[in-house]
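Data first, discussion second: the structure below is written as structure tokens.
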Amino acid sequence: MLLSPDDELRDRDELVAFLRSLHHDFQQRGHKWENPTLDRFLEALASWAEASDGWYRSFGKELPPEGNWTFFARALAAATVYE
């Protein structure tokens, strides 16, 4: 499940479903991803986050000023130790 520019996740359950879908996609075709290793994935994630205002602008949208950046950072950090 990739997100189109018009898709919006409304709650945590939808985020969980998206993450599971992304994981499934990696299991099936991760070898075709541009960033198939954790190292490359995290570097691309940081680069996209840094330039994301341009992505939003190119689709006529505004970077969400109230995004829950801390929740997302905590989720990524927790994944390094959570079983």
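To the nearest 0.5 Å, atom CG of residue L9 and atom CZ of residue F18 are 7.0 Å apart.
Nearest approach of E8 to E14, heavy atoms of both residues: O-OE1, 3.8 Å. Among all heavy-atom pairs drawn from G30 and P36, the shortest one is O-CB, 3.3 Å.
The environment of F59 atom CZ is dense: over 12 non-hydrogen atoms of other residues, nucleotides or ligands sit within 6.0 angstrom.
Hydrophobic clustering (side-chain heavy atoms under 4.5 Å, transitive across Ile, Leu, Val, Met, Phe, Trp, Tyr) groups L19 together with L3. Under a hydrophobic clustering in which Ile, Leu, Val, Met, Phe, Trp and Tyr are joined whenever their side-chain heavy atoms come within less than 4.5 Å, directly or via other members, F72 and V16 fall into different clusters.
Scanning for side chain to side chain contact (heavy atoms under 4.5 Å, CB included) contacts around T37 gives D39, R40, with sequence neighbours left out. Checked against side chain to side chain contact (heavy atoms under 4.5 Å, CB included), H24 has the following partners two or more places apart in sequence or in another chain: Q27, Q28. Contacts of D13 classified as side chain to side chain contact (heavy atoms under 4.5 Å, CB included), with partners at least two apart in sequence or in another chain: D11. For F26, the ring pair (Phe, Tyr, Trp, His ring centres under 6.0 Å) partners are W33, not counting sequence neighbours.
Residue pairs meeting the salt bridge (charged side-chain N to carboxylate O under 4.0 Å, His left out) criterion with at least one partner in residues 59-68, sequence neighbours excluded, are D6-K61.
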Could you tabulate the donor-acceptor pairs under 3.5 Å formed by side-chain atoms of residues 44-57, not counting sequence neighbours?
residue: S47; atom: OG; partner: E43; partner atom: O; Å: 3.1
residue: S47; atom: OG; partner: E43; partner atom: OE2; Å: 3.3
residue: S52; atom: OG; partner: A49; partner atom: O; Å: 2.9

